[in-house]
Amino acid sequence: MAERQAGYKNILGFSYMRAIACIAIIALHITASDAIIYYSTDTGATGNIVLSVIQNCLMWAVPCFVMVTGALLLPEDKKITYKKLFKKYIARILGALILFCFVFRLFSMVMDGETFSFSIIVETLNQIITDGSWSHMWYLYLLIGLYLLMPFYKKIAAASQRIDIIYLLIIYALFLAVFPLLRVWNINLGFYIHVLTIYPFYLFLGYAIYKRILKISPKAGMGFIIVTTGTLILLTVINSNLTEISLSSFWGYASIIVVLQAAGIFALICKDKNTQKGIVKKILIKVDKCSFGIYLVHMIYVRLFLRYMGIDPYIYGGIIGIILFTIMILAISYITVWILKKIPIIKNVL
């Protein structure tokens, strides 16, 4: 989401992927952040299940963003010097992190009727260091971490043959997306590999699909999507009736089900040959140009409408209400970012 394609082969599928994932994240935050937190008693048991189903079936969005990053930055012909890495990539994300942590703190201060004091500045600085700001800001810390290790990820990709990448993906998938699911049944394996998170796996998965190291046909991609989405819906419904155990691990980012779902969506949308014909594709390209900014600012409107104005989109039309609300927040966020990008300093981080 934070990468632009300037100076690189223009793959429109990446633009479509980022835009669609951006829209999915807005819907995810509408259903997961405030609707369930503030209106769970109003929506009832059935409504809560519906909101959970929507949330759990949209967990592919962030992984697909990371996969686009891998497809764009890992290829050998994409040159990234240390100067470019820190000056262009890391500086931009760090600038956005600092700026918007203060913006979000100011918004909360105004909406909650707090009085400004010097301690708020100290508090915000502490939030920046500790990831204590709004929850969706975690993605910026993720990007910085991936960028810091990007020179070494690129060396691995450049020096690896097809079998090496496949082997790496298999090891990552087994230890980070399959074996952890055994904990649902209180089985904790003693075997592990020395990596911390699933996200480097998605980085290499996007690269592998784009370079056709892993060949996923459109039919196979659609099959992945149908089977995994159906499985997530079924598990969510089953989980709603369980009391002693939780199946939440099955729809986390490190679930093999989400891995296969994200792979199917990525393979289906990110094709080498794409055109800009059609109003929907043109809209997606425009959304993509502001996708990073939309990701940052959309939570302001989610909180404003749901928390402070007390609007529950599920009550007003159910799923249709959520869809319309998602479109509305997308449009308002796009306009906000479009305006902000006219300001030179802010434009550099958006």
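Sequence positions, counted from 1, serve as the residue numbers for this chain.
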Chemist: Below 6.0 angstrom between ring centroids: does that apply to Tyr202 and Phe65?
Modeler: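 Ring-ring flag for Tyr202/Phe65: false, centres at least 6.0 Å apart.
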Chemist: Please name all residues satisfying ring-ring contact (aromatic ring centres under 6.0 Å, His included) with Tyr207, sequence neighbours left out, ordered by chain then number.
Modeler: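 So Tyr207 forms no ring-ring contact (aromatic ring centres under 6.0 Å, His included) with any residue.
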Chemist: Identify, with sequence neighbours excluded, every residue that meets side chain to side chain contact (heavy atoms under 4.5 Å, CB included) alongside Val349.
Modeler: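 Expected list: Ala96, Leu99.
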Chemist: Can you list every side-chain hydrogen bond (donor to acceptor under 3.5 Å, both in side chains) pair that touches residues 244-259, not counting sequence neighbours?
Modeler: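 Checked against side-chain hydrogen bond (donor to acceptor under 3.5 Å, both in side chains) - neighbours excluded - the pairs reaching residues 244-259 are Asn56-Trp251, Ser246-Ser248.
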Chemist: If you take the centroid of each ring, where Trp contributes its six-membered ring, are Tyr334 and His298 closer together than 6.0 Å?
Modeler: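 Here the rings of Tyr334 and His298 have centres that are no less than 6.0 Å from each other.
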Chemist: On the ring face of Trp338, is Lys341 found with NZ or CZ under 6.0 Å from the centre and within 45° of the axis?
Modeler: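 Judged by the rule (NZ or CZ under 6.0 Å from the ring centre, within 45° of its axis), Lys341 is not positioned above Trp338.
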Chemist: Sequence neighbours left out, cut at 3.5 Å: what donor-acceptor pairs do the side chains of residues 220-232 make with other protein atoms?
Modeler:
residue, atom, partner, partner atom, Å
Thr228, OG1, Phe224, O, 2.5
Thr228, OG1, Ile225, O, 3.3
Thr229, OG1, Ile225, O, 2.7
Thr229, OG1, Gln261, NE2, 3.1
Thr231, OG1, Val227, O, 2.7

Chemist: Any side-chain heavy atom of Pro151 within less than 4.5 Å of one from Leu85?
Modeler: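 Result yes, sub-4.5 Å side-chain heavy-atom pair found.
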Chemist: Hey, does the side chain of Lys219 reach the backbone of Ile216 with a donor-acceptor pair shorter than 3.5 angstrom?
Modeler: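 Absent.
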Chemist: Hey, does Leu106 have a side-chain heavy atom less than 4.5 Å from the side chain of Met109?
Modeler: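 Yes; the side chains approach each other to less than 4.5 Å.
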Chemist: Going by ring-ring contact (aromatic ring centres under 6.0 Å, His included), name the residues that satisfy it together with Phe102, two or more places apart in sequence or in a different chain.
Modeler: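 ring-ring contact (aromatic ring centres under 6.0 Å, His included) list for Phe102, sorted by chain: empty.
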Chemist: Got a donor-acceptor contact below 3.5 angstrom from the Arg18 side chain to the Ser291 backbone?
Modeler: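 Not a single qualifying donor-acceptor pair exists.
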Chemist: What residue pairs, at least two apart or across chains, pass side-chain hydrogen bond (donor to acceptor under 3.5 Å, both in side chains) with a residue in residues 316-332?
Modeler: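 Applying side-chain hydrogen bond (donor to acceptor under 3.5 Å, both in side chains) to every pair that reaches into residues 316-332, excluding sequence neighbours, yields nothing.
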Chemist: Would you confirm whether Ser333, through its side chain, and Leu330, through its main-chain N or O, come within 3.5 Å as a donor-acceptor pair?
Modeler: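 No, Ser333 side chain to Leu330 backbone: no donor-acceptor pair under 3.5 Å.
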Chemist: Could you list the residues that satisfy side chain to side chain contact (heavy atoms under 4.5 Å, CB included) with Leu242, not counting sequence neighbours?
Modeler: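 Testing Leu242 for side chain to side chain contact (heavy atoms under 4.5 Å, CB included), a comparison that skips the adjacent residues, returns Ile238, Asn239, Ile245, Leu247.
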Chemist: With sequence neighbours left out, which residue pairs that include part of residues 130-158 fulfil the salt bridge (Lys or Arg N to Asp or Glu O under 4.0 Å) condition?
Modeler: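 Qualifying pairs, neighbours excluded: none.
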Chemist: For Thr130, which residues count as a side chain to side chain contact (heavy atoms under 4.5 Å, CB included) partner, sequence neighbours excluded?
Modeler: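 Testing Thr130 for side chain to side chain contact (heavy atoms under 4.5 Å, CB included), a comparison that skips the adjacent residues, returns Asn126.
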Chemist: Using every non-hydrogen atom in the two residues, find where Pro63 and Trp60 come nearest and quote the distance to one decimal.
Modeler: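 Result for this residue pair: CD-O, 3.3 Å.
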Chemist: Tell me whether Glu114 at atom CD has more than 12 heavy atoms from other residues, nucleotides or ligands lying less than 6.0 Å away.
Modeler: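 Buried by this count: over 12 neighbours within 6.0 Å.
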Chemist: Holding to ring-ring contact (aromatic ring centres under 6.0 Å, His included), I want the full list of residues that pass it with Phe325, two or more places apart in sequence or in another chain.
Modeler: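 For Phe325 the ring-ring contact (aromatic ring centres under 6.0 Å, His included) partners, ignoring immediate neighbours, are Phe305.
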Chemist: Show every donor-acceptor pair shorter than 3.5 Å between a side-chain atom in residues 160-184 and any protein atom, with sequence neighbours excluded, or say none if there are none.
Modeler:
residue, atom, partner, partner atom, Å
Ser160, OG, Ile156, O, 2.4
Arg162, NE, Ile213, O, 3.1
Arg162, NH2, Ile213, O, 3.1
Asp164, OD2, Gln161, N, 2.8

Chemist: Going by the angle between their ring planes, with limits at 30° and 60°, are Phe250 and Trp185 parallel, tilted or perpendicular?
Modeler: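 Answer is perpendicular, since the angle exceeds 60°.
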Chemist: Quick one: does NZ or CZ of Arg105 land under 6.0 Å from the six-membered ring centre of Trp134, within 45 degrees of the ring axis?
Modeler: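 No cation-pi geometry.
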Chemist: Under the side chain to side chain donor-acceptor pair (under 3.5 Å) rule, collect the residues that match up with Asn186, sequence neighbours excluded.
Modeler: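 Applying side chain to side chain donor-acceptor pair (under 3.5 Å) to Asn186 gives none.
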Chemist: Looking at His136, is its backbone amide N or carbonyl O close enough to the side chain of Tyr295 to form a donor-acceptor pair, meaning the two atoms are under 3.5 Å apart?
Modeler: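 Yes, because the side chain of Tyr295 sits within donor-acceptor range (under 3.5 Å) of the backbone of His136.
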Chemist: Kindly check if the number of other-residue, nucleotide or ligand heavy atoms within 6.0 Å of CD1 (Ile343) is above 12?
Modeler: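 Check passes, neighbour count above 12.
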